[in-house]
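Here is the structure we will look at.
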Amino acid sequence: QVQLVESGGGLVQPGGSLRLSCAASGSIYMINGMGWYRQTPGKQRELVATITSGGMINYADFVKGRFTISRNNAKNTVYLQMNSLKPEDTAVYYCNLQADWDLRNYWGQGTQVTVSS
């Protein structure tokens with residue numbers, strides 16, 4: 001079993017910053033990658049950023065240099081530094097882990113990010 005625990009969400013003003021963290025624990029062997037997705041009511045879940053165990057990074061276009069994903073492989077932890085936040089960034093952000101041993105995607109419970117004045 002794999003558990004993903006997210007933290008760092010909250011309420012910020014436009015232009016502010018947040019740093020999300022996600023720690024994976026349990027029966028973990030080799031990981032293909034970890035990442036962040038987000039979802040708002042009425043929309044499907046969308047990719048924000050992913051990072052492979054080898055360090056290859058993929059960002060959604062709407063990030064436009066505002067977000068930075070990083071990972072501590074030894075601690076099975078992934079981070080998302082979010083700067084210059086906009087109201088449209090408001091969403092539930094979900095942590096994702098893709099396991100190499102079973103190719104299954106594991107998900108966290110989500111953390112709410114609200115950008116508002």
Side-chain angles (χ1 to χ4, degrees):
Q1 71 287 355
V2 176
Q3 296 84 39
L4 303 176
V5 180
E6 300 151 318
S7 62
L11 173 65
V12 296
Q13 296 189 131
S17 298
L18 284 174
R19 182 176 176 86
L20 305 183
S21 299
C22 173
S25 62
S27 300
I28 300 174
Y29 307 101
M30 290 188 66
I31 298 172
N32 286 336
M34 298 182 70
W36 293 93
Y37 295 71
R38 70 186 189 186
Q39 188 169 26
T40 57
K43 294 182 60 180
Q44 65 184 112
R45 191 171 299 181
E46 62 183 353
L47 181 148
V48 177
T50 60
I51 182 169
T52 69
S53 294
M56 182 176 295
I57 295 174
N58 181 41
Y59 291 110
D61 289 340
F62 57 76
V63 171
K64 297 182 179 180
R66 299 181 297 126
F67 295 0
T68 302
I69 190 170
S70 60
R71 184 170 184 264
N72 185 325
N73 288 349
K75 297 184 177 181
N76 295 319
T77 302
V78 66
Y79 309 92
L80 185 68
Q81 178 66 46
M82 305 185 294
N83 300 323
S84 301
L85 283 162
K86 306 174 181 179
E88 51 263 45
D89 293 319
T90 297
V92 177
Y93 285 71
Y94 295 91
C95 179
N96 168 266
L97 180 154
Q98 186 181 66
D100 181 72
W101 67 92
D102 62 0
L103 297 180
R104 177 177 175 177
N105 282 292
Y106 296 87
W107 296 93
Q109 73 290 145
T111 184
Q112 178 70 49
V113 172
T114 302
V115 185
S116 176
S117 299

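Heads up: numbering here begins at 1 and tracks the sequence.
- Between Phe67 and Trp36, the distance separating the two ring centers is not shorter than 6.0 angstrom.
- Taken from CG in Leu18 to CG in Asp89, the straight-line distance is 10.0 Å, to the nearest 0.5 Å.
- Ile51 and Tyr106 fall within the same hydrophobic cluster, defined by Ile, Leu, Val, Met, Phe, Trp and Tyr side-chain heavy atoms under 4.5 Å apart, directly or through other members.
- At distances below 3.5 Å, not a single donor-acceptor pair connects side-chain atoms of Thr90 with backbone N or O atoms of Glu88.
- Judged by distance alone, the side chain of Arg104 and the main-chain N or O of Asp100 form no donor-acceptor pair under 3.5 Å.
- Side-chain contact check for Leu80 versus Thr68: every heavy-atom pair is 4.5 Å or farther apart.
- Hydrophobic clustering of Ile, Leu, Val, Met, Phe, Trp and Tyr side chains at less than 4.5 Å, counting indirect connections, keeps Tyr79 apart from Val113.
- A distance of 13.0 Å separates CG in Leu4 from OH in Tyr94, rounded to the nearest 0.5 Å.
- Side chains of Arg38 and Tyr93: a donor on one and an acceptor on the other come within 3.5 Å.
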Q: May I have the step-by-step check of side-chain contact (heavy atoms from CB on, under 4.5 Å) for Asn96 and Asn105, ending in yes or no?
A: CA-CA 7 Å; Asn96 168 266; Asn105 282 292; 3.2 Å; yes
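- Residues Val92 and Leu47 are members of one and the same hydrophobic cluster, defined by side-chain heavy-atom contacts under 4.5 angstrom among Ile, Leu, Val, Met, Phe, Trp and Tyr.
- The local environment of CD in Gln44 is sparse, with at most 12 non-hydrogen atoms from other residues, nucleotides or ligands closer than 6.0 Å.
- Without hydrogens or angle criteria, Glu6 side chain to Leu20 main chain gives no donor-acceptor distance under 3.5 Å.
- Under the 3.5 Å distance criterion, the side-chain polar atoms of Thr52 are matched with a main-chain donor or acceptor of Gly55.
- A continuous path of ILVMFWY side-chain contacts below 4.5 Å connects Ile69 to Ile31, so both sit in one hydrophobic cluster.
- Ala49 approaches Tyr59 most closely through the heavy-atom pair CB-CD2, 3.5 Å.
- When hydrophobic clusters are built by joining Ile, Leu, Val, Met, Phe, Trp and Tyr residues whose side-chain heavy atoms come closer than 4.5 Å, directly or via intermediates, Val2 is not grouped with Val5.
- Here CE of Met34 is found 11.0 Å from OG of Ser70. Values are rounded to the nearest 0.5 Å.
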Q: Take Cys95 and Val78, measure what side-chain contact (heavy atoms from CB on, under 4.5 Å) needs, and give me the verdict at the end.
A: CA-CA 8 Å; Cys95 179; Val78 66; 3.8 Å; yes
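- Note: Ser116 OG to Leu85 CG = 12.0 Å, rounded to the nearest 0.5 Å.
- Taking CD from Gln3 and CG from Leu97, the interatomic distance works out to 11.0 Å, rounded to the nearest 0.5 Å.
- Donor-acceptor pairing under 3.5 Å is recorded for the side chains of Asn83 and Ser17.
- Atoms OG1 and CG, on Thr50 and Asn58 in that order, are 4.5 Å from each other to the nearest 0.5 Å.
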